[in-house]
Student: 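What follows is a structure written as structure tokens; I'll ask about it next.
The chains referred to below are lettered A, B, ... by the order of the sequence lines, with proteins before strands, and numbering in each begins at 1.
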Amino acid sequence: MPTPRLLVLFGSQTGTAQDVSERLGREARRRRLGCLVQALDSYPVVNLINEPLVIFVCATTGQGDPPDNMKNFWRFIFRKNLPSTSLCQMDFAVLGLGDSSYAKFNFVAKKLHRRLLQLGGSALLPMCLGDDQHELGPDAAIDPWLHDLWKKVLDLHPVPLDLGIIPTGIPLPSKFTLQFLEEAPVTHSEEQHVARTDPQDPPSELHPFLAPMVSNQRVTGPLHFQDVRLIEFDITGSGLSFTAGDVVLIQPKNIAPHVQQFCQLLGLDPDQCFTLQPREPGVPCPVQLPQPCSVRRLVSQYLDITSVPRRSFFELLACLSPHKLEREKLLEFSSAQGQEELCEYCSRPRRTVLEVLCDFPHTAGAIPPDYLLDLVPLIRPRAFSIASSLLAHPSRLQILVAVVQYQTRLKEHRRGLCSSWLASLDPEQGPVRVPLWVRPGSLTFPETPDTPVIMVGPGTGVAPFRATVQERVAQGQTRNFLFFGCRQRDQDFYWEPEWKELEKRGCLTLVTAFSREQEQKVYVQHRLRELGPLVWELLDHQGAYFYLAGNAKYLPVDVSEALMSIFQEEGGLSSPDAAAYLARLQRTLRFQTETWA
Amino acid sequence: MAEDVRGASVGHQVCSAAGMADFGISAGQFVAVIWDKSCPAEALKDLVDKLQALTGDEGHVSVENINQLLQSAHKESSFDIVLSGVIPGSSIVHSAEILAEVARILRPGGCLFLKEPVETAVVNNSKVRTASKLCSALTLSGLVEVKELQRESLSPEEMQSVQEHLGYHSDSLLSVQITGKKPNFEVGSSSQLKLSIAKKSSPSGKPAVDPAAAKLWTLSANDMEDDSVELIDSDDLLDPEDLKKPDPASLRAASCGEGKKRTACRNCTCGLAEELEKEKSRGQMSSQPKSACGNCYLGDAFRCASCPYLGMPAFKPGEKVLLSDSNLNDA
């Protein structure tokens, strides 16, 4: 290889680790190092033993879990049969992204670092523990660490004297080039999708199913602060199949006024079509993008212009800015010293890409279209627990969606892209189709019939359990115990009539907690403790399975604490024994959680 | 059908070429035979049998497919003789990486015998080299005493093999047999000249991968789907230190300003954000704020902290913008 090569491998759930990895890639290129940036599960791990220099950038998500795009790697790297000298050729460094308000802070990075050492790798420097809880976010840890990393790397691979480092004000070549077509192609259609290689394949991210929306009803009372929708899709003929606990992924779009505003700011003609070409061979184009594509389609379906831009956005924009005042400000926002300012201006108020471009109109108007995919991240699909069972509603798929809307110091309300888009769709006004596909959930249910199942699902957390109960009842399993919590019985008691009906039929025991109906707050964990003897009886004597769904931050901790009190009070266990009992339930899959941020 | 033809001519050729003595193989030696898919299977087996007869029980004959050679990562200096492409009918072109690897696994003083089709005409192509280029390649890989032993024309079957396996056709091809020797002094990594591309030892002087370890890793990695493989418990890698929370003071930005304010989460959906907004706007309504810097129209990026227009989009200078209360009371 003519130039030494740095390999950056990442596991990213929300795109932050990927963004950091791409930053590493750019900094490497500025130092004249070849660099390959790839998701861990896309990299052929068989080659790892030959790699001399690897940086691992890994987020920790959920309950100390690795992100989806490194799950295969994670299962591989802990295999007992991997020899302890496998990675003796490797100098590595680990950069972790996490949130210290969680107990399992950066567990993925910590475990990976130690495992790589176990397998014979040499650490270039101690691991970096990026923390969302820091006022300045993960960059507070990353910036000084990168400084140290480059010192170490340049010791091994000094910048060639005749070349020197490419300074930060100069843009690196764009990843892609856009070739605009003279006329719109004859077969141009907004509905055109990448052709499926095999029509028998189930729908996927590459080939989503355009599901007709059947109904879209608000299910929270008029006095409730939040708009929560029960949305039903018709999935006839889709080849989609799912069981309780599975998850539907929905690919949202930007609304037309935003698309228009973006095109105006950048001086783009929405109707123009183009083809996309990577500059370097071997770099893949975004697979979902049809070729040729229209600007309108690119901006409405692929560019996440309502996302909150990261520091890398400002860095690139600074390079591209022809306007003195704006460029100065952009450079400030990209610098290490300017990170607090950037936090105040952008991250804290959740200012969007579009809003930032409005503040920098001269720069926006000068953005070369080639740089669009470097500048703006791609829209990511959103996951929802499927709230219905095919056994109760064949050919249908239901979800419960809380519309995300909140205020920061910006006058315009902040809105969730997917939930707002879904809420705006009205099937009664005309046919509405939504691109979606399914992926398996992480919950597994008992195989022996008559095993009781305890489910704790406050708020929208009840969605997967509604599917579970429907499915189990259809299969004749009636030992179902549901703990449901919400604010007020007449405001957000989802599916109340359905639960009552099942109770009458003896298929369900329902325990509710209405948090705001009395002076003090009553939550599901309080109800669990009140029914301690029953819970203990079910778990210890009847082999019950216990499930939890809802918010990742507090629910698992609160419920675990409640359970451990029950083990101590009802089972007479000591505190450490109670913890061990819970750990055992987890290991045997009799205590499972499905949580989201 | 082609195989039968090859088998017939090869059978004839092995008997006549013999040449075992030319390789200088004796009992107790370690010999490596390198082959690829252009080699007729019968002839390969024949050669190996003859070699084994010569090396006897004390020695060993290793058979390596050229595409596996690098991955096999043999111990350096472990072979006395390496034979490559010598089987009549084969058409192997030896890359620089392969030659360097052969140089590495030969013991000092050990010999390489290789046979390769070469071009005698002056042709601008990279598939088949001239004999002199081939000799240079051996020298570049660190071998000494490089010399051409013999050259002969290709049989029709060999021409066909070149066409099939190398995708090359020419009337001016010859088959040339070349030998080279690993220098008799052990110089470690510098036995490979810097110009060779394969397997440079890194500046930090890392040990070579143990071939057994490499094999295990490769086998495991080629079976990613297998869920039955036992895993270590990753929790065992952690210690109590890992569970400690960072000191809250360390989580603040360098310049703190006022004391810790009650702030809402980034994605607040509980209503605290709205409550805080209401509190703030109530405070602002009492005083009539004035612009301190005159940059109000530019947008939040350029406004100062006390700007009355903070939170609103940029506007044209002189444009009348009302700081209405209506926005503030939105649900």
Student: Is there side-chain contact between Lys206(B) and Asp91(A), with at least one heavy-atom pair below 4.5 Å?
Tutor: yes

Student: Heavy-atom count check: over 12 atoms from other residues, nucleotides or ligands less than 6.0 Å from Lys71(A) NZ?
Tutor: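 More than 12 within 6.0 Å, yes.
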
Student: Should Asp235(B) and Arg587(A) count as an ion pair when the cut-off is N to O under 4.0 Å?
Tutor: no

Student: Do Arg409(A) and Asp300(B) have side-chain heavy atoms sitting under 4.5 Å apart?
Tutor: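 A side-chain contact under 4.5 Å exists here.
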
Student: Using a cut-off of under 4.5 Å for heavy-atom pairs, which of Leu219(B), Leu216(B), Leu310(B), Leu238(B) has the most such pairs with chain A?
Tutor: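 Of the candidates given, the most pairs with chain A belong to Leu238(B).
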
Student: Please report the shortest heavy-atom distance between Pro207(B) and Cys88(A), naming the atom on each side.
Tutor: O-SG, 3.9 Å

Student: Give me the atom names and distance for the closest heavy-atom approach of Leu82(A) to Trp217(B).
Tutor: CD2-CE3, 3.9 Å

Student: Kindly compute the distance separating CD (Glu328(A)) from CZ (Phe302(B)), expressed to the nearest 0.5 Å.
Tutor: 9.0 Å

Student: How about CD on Glu412(A), more than 12 heavy atoms from neighbouring residues, nucleotides or ligands closer than 6.0 Å, or not?
Tutor: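 Open.
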
Student: If you count heavy-atom pairs under 4.5 Å with chain B, which of Leu410(A), Leu87(A), Ile49(A) comes out on top?
Tutor: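 Among the listed options, the one with the most contacts to chain B is Ile49(A).
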
Student: Which one of Thr218(B), Asp226(B), Asp210(B), Asp242(B) has the most heavy-atom pairs closer than 4.5 Å to chain A?
Tutor: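 Of Thr218(B), Asp226(B), Asp210(B), Asp242(B), Asp242(B) has the most heavy-atom pairs under 4.5 Å with chain A.
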
Student: Pick from Pro246(B), Gly299(B), Pro313(B), Ser234(B): which one has the most heavy-atom pairs with chain A under 4.5 Å?
Tutor: Ser234(B)

Student: For Arg115(A) and Ile232(B), which heavy atoms make the closest approach, and how far apart are they?
Tutor: NH1-CD1, 3.7 Å

Student: In chain order, what residues pass the side chain to side chain contact (heavy atoms under 4.5 Å, CB included) check against Ser321(A), with sequence neighbours excluded?
Tutor: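 Here the qualifying residues are His323(A), Glu326(A), Arg327(A), Leu330(A), Thr363(A).
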
Student: Among all residues two or more places apart in sequence or in another chain, which pass the side chain to side chain donor-acceptor pair (under 3.5 Å) test with Asn106(A)?
Tutor: none

Student: Can you name the closest pair of heavy atoms from Ala301(B) and Phe360(A) and give their distance?
Tutor: CB-CZ, 3.5 Å

Student: Only pairs of heavy atoms separated by less than 4.5 Å count here; which of Thr85(A), Asn72(A), Leu325(A) has the most with chain B?
Tutor: Leu325(A)

Student: Could you tell me the separation between the CH2 atom of Trp74(A) and the CG atom of Leu231(B), rounded to the nearest 0.5 Å?
Tutor: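 One finds 11.0 Å between CH2 of Trp74(A) and CG of Leu231(B).
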
Student: Under 4.0 Å between a side-chain nitrogen and a carboxylate oxygen: does that hold for Asp223(B) and Arg79(A)?
Tutor: no

Student: Using heavy-atom distances under 4.5 Å, tell me whether Asn222(B) contacts chain A through its side chain, its backbone, both, or neither.
Tutor: side chain

Student: Would you mind checking which part of Glu355(A) comes under 4.5 Å of any heavy atom in chain B, side chain (CB onward), backbone (N, CA, C, O), both or neither?
Tutor: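 Neither part.
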
Student: At their closest point, which heavy atom of Val209(B) faces which heavy atom of Gln89(A), and how far apart are they?
Tutor: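 Val209(B) and Gln89(A) have their closest heavy atoms at CG2-CG, 3.3 Å.
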
Student: Taking side chain as C-beta onward, heavy atoms only, is Leu251(B) less than 4.5 Å from Ser100(A)?
Tutor: yes

